[in-house]
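First the structure, which I've put down as structure tokens, then a few questions once you've had a look.
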Amino acid sequence: MDCIIHRRAEFAASHRYWLPEWSEAENLARFGANSRFPGHGHNYELFVSMRGVVDDFGMVLNLSDVKHIIRREVIDPLNFSYLNEVWPEFQATLPTTEHIARVIWDRLSPHLPLVRIRLFEHSRLWADYTGDPMEAYLSVGTHFSAAHRLALEDLSYEENCRLYGKCARPHGHGHNYHVEITVKGTIHPRTGMIVDLIQLENLLKEHVIEPLDHTFLNKDIPYFATVVPTAENIAIYIARLLQEPIRELGATLHKVKLIESPNNACEILCEELSPQEGLLSTALPVLERV
């Protein structure tokens with residue numbers, strides 16, 4: 001029987017986003033504070049996912065062997081290093097999160113049956129690479145606070161309470177929503193980026209955070225005057241808002257994950273959404289409650 005196993009590792013390293021063929025002003029405009037000399041550092045967290053058949057000893061792979069391979073091929077060379085100089089791959093292409101993930105895949109794939117490399121630069125920025133030379137995934141996290149009430153106008157209060165429980169109470173309630181946006185695209189051969197990270201973060205702020213933060217969704221956001229603001233519908237709304245702006249940046253919105261509370265979250269696989277024809281589209285998304 002096939003099984004996927006995961007091994008975690010970590011390393012600390014510094015890097016700088018700087019292209020010598022660009023002027024200081026061009027580097028600053030594209031990379032912001034990431035271009036500052038002499039660079040900056042992160043505590044990277046690495047997850048290596050591998051697939052195989054469970055053997056007679058109850059293992060896909062001997063995890064002791066896996067640990068030593070990851071340490072030899074990745075951790076020892078990268079830990080406490082200046083990434084721009086440690087490997088030749090980072091001299092041709094900047095060591096962005098997504099490019100580091102791809103290079104780690106290339107270093108480990110001759111030794112391990114990889115299915116995914118996930119690399120966290122920090123808790124709100126990470127990349128996934130699955131071996132496709134044409135695409136990788138970059139995820140960013142952010143948050144907003146908002147109130148909502150779950151109720152259908154054509155149902156009585158008692159009927160809404162049976163359907164939505166306490167969430168139907170008339171004055172609503174609030175959440176600290178955590179949003180994770182995943183984009184898919186090709187890693188640029190020089191900048192190492194799927195998408196301009198500064199522009200992506202600005203899009204999130206402009207289209208999601210500023211309009212939704214500290215609102216009563218049912219009353220302050222016209223869309224939710226007629227659509228019940230469940231976690232699922234909020235995630236669909238965010239996906240609709242971001243699809244075209246992210247496409248204009250040269251990437252594809254792959255997934256929106258909305259965490260409403262530690263016990264309640266959902267994911268919208270955005271590539272399954274029909275082309276945007278206004279936010280009141282009734283197209284059904286692919287959705288997973290977590």
Side-chain angles (χ1 to χ4, degrees), residues 8 10 32-33 42-45 47 97 118-128 137-153 157 160-161 163-183 195 197-243 245-246 251 253-270 273 279-280 285-290:
R8 176 187 174 276
E10 56 185 28
H42 300 284
N43 293 315
Y44 290 94
E45 190 174 18
F47 291 89
T97 316
R118 171 167 287 183
L119 182 68
F120 282 86
E121 187 172 286
H122 54 71
S123 62
R124 298 183 308 280
L125 176 64
W126 67 97
D128 290 295
Y137 301 85
L138 182 71
S139 299
V140 295
T142 186
H143 62 87
F144 65 92
S145 299
H148 68 166
R149 181 190 181 219
L150 305 186
L152 291 167
E153 291 295 329
Y157 176 65
N160 275 307
C161 285
L163 182 59
Y164 296 114
K166 294 178 182 179
C167 296
R169 290 179 176 175
H171 297 295
H173 60 283
H175 296 285
N176 294 315
Y177 292 97
H178 180 75
V179 186
E180 296 175 0
I181 306 298
T182 300
V183 300
V195 67
L197 184 57
I198 294 175
Q199 291 187 40
L200 180 61
E201 290 175 338
N202 287 339
L203 280 182
L204 280 172
K205 183 177 180 180
E206 176 186 352
H207 292 278
V208 178
I209 304 308
E210 290 297 335
L212 299 185
D213 193 34
H214 286 77
T215 63
F216 194 119
L217 295 171
N218 306 62
K219 298 181 181 296
D220 296 326
I221 307 300
Y223 177 70
F224 293 116
T226 55
V227 175
V228 180
T230 60
E232 295 92 327
N233 279 334
I234 298 169
I236 293 169
Y237 179 71
I238 291 171
R240 294 289 190 192
L241 291 175
L242 293 176
Q243 269 186 319
I246 288 175
L253 180 60
H254 173 67
K255 182 172 68 175
V256 172
K257 181 176 182 178
L258 185 74
I259 302 171
E260 186 175 81
S261 73
N263 299 321
N264 184 27
C266 69
E267 297 181 357
I268 301 297
L269 301 181
C270 303
L273 290 173
L279 288 172
L280 292 178
V286 173
L287 179 146
E288 177 183 355
R289 291 191 73 95
V290 181

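Start at 1 with the first residue, then count along the sequence.
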Between Pro170 and Tyr157 the two heavy atoms that sit nearest each other are CD-CE1, 3.7 Å
Subject >> Nearest non-hydrogen partners of Leu273 and Ala239, listed with the distance >> reply: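 Minimum heavy-atom contact is CD1-CB, 3.8 Å.
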| query | Side-chain contact, heavy-atom cut-off 4.5 Å: Leu163 with Leu150? | reply |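 Answer no - side chains too far apart.
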For the pair His254 (side chain) and Cys270 (backbone), establish whether a donor and an acceptor sit closer than 3.5 Å, ignoring hydrogens and angles.
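Side chain of His254 to backbone of Cys270, a donor-acceptor pair under 3.5 Å: no, none is there.
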Quiz prompt | Least distance between heavy atoms, Leu200 atom then Val195 atom | solution =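 Looks like CD2-CG1, 3.9 Å.
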| Taking all atoms of both residues into account, what is the closest heavy-atom pair of Ser145 and Asn176, and its distance? |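 Result for this residue pair: OG-OD1, 2.7 Å.
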Just checking His143: does its NE2 atom have more than 12 heavy atoms from other residues, nucleotides or ligands closer to it than 6.0 angstrom?
no
query = Can you find a pair of side-chain heavy atoms, one from Leu242 and one from Leu204, that are under 4.5 Å apart?
reply =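 Yes, at least one pair of side-chain atoms sits under 4.5 Å.
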Margin query: I need the Leu138 CG to Leu119 CG distance, nearest 0.5 Å.
Written below: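 The distance works out to 10.5 Å.
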Output for pair (Ile209 CD1, Thr142 OG1), nearest 0.5 Å, gives 4.0 Å
Q | All side chain to side chain donor-acceptor pair (under 3.5 Å) counterparts of Asp128, not counting sequence neighbours | A |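 Listed in chain order: Arg118.
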**Prompt:** Where does the angle between the aromatic ring planes of Tyr223 and Tyr237 fall among parallel (under 30°), tilted (30 to 60°) and perpendicular (over 60°)?
**Reply:**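 Parallel: the ring planes of Tyr223 and Tyr237 meet at under 30°.
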Lys255 versus Leu269, closest heavy-atom pair with distance:
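It is CD-CD2, 3.9 Å.
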Between the NE2 atom in His148 and the SG atom in Cys167, the distance rounded to the nearest 0.5 Å is 5.5 Å
Note to self: Keeping Asn233 on the side-chain end and Pro229 on the backbone end, is there a donor-acceptor pair under 3.5 Å?
What the structure shows: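 Not a single qualifying donor-acceptor pair exists.
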Check your understanding: Is a side-chain N or O of Arg149 found less than 3.5 angstrom from the main chain of Arg169, in a donor-acceptor match?
Key -> yes
**Prompt:** Which pair of heavy atoms, one from Ala151 and one from Val228, lies closest together, and at what distance?
**Reply:**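 Distance-wise, the nearest heavy atoms are O-CG2, 3.6 Å.
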The reported gap from CG in Leu241 to CD1 in Ile246 (rounded to nearest 0.5 angstrom) is 10.5 Å
> So with a 6.0 Å cut-off around CZ of Arg8, is the heavy-atom count from everything else above 12?
Replying inline: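 Yes, the 6.0 Å shell around CZ holds more than 12 heavy atoms from other groups.
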Nearest 0.5 angstrom please: Ile238 CD1 to Tyr177 OH, how far?
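The OH atom of Tyr177 is 9.5 Å from CD1 of Ile238, to the nearest 0.5 Å.
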Are the side chain of Asn218 and the backbone of Phe224 linked by a donor-acceptor contact shorter than 3.5 Å?
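No, the answer is negative, given that no donor and acceptor are paired below the 3.5 Å cut-off.
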Which residues pass the side chain to side chain donor-acceptor pair (under 3.5 Å) test with Glu121, sequence neighbours left out?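 Scan of Glu121 (side chain to side chain donor-acceptor pair (under 3.5 Å), adjacent residues dropped) gives His42, Thr97.
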Rounding to 0.5 Å, atoms CD1 (Ile181) and NZ (Lys257) come to a distance of 12.0 Å
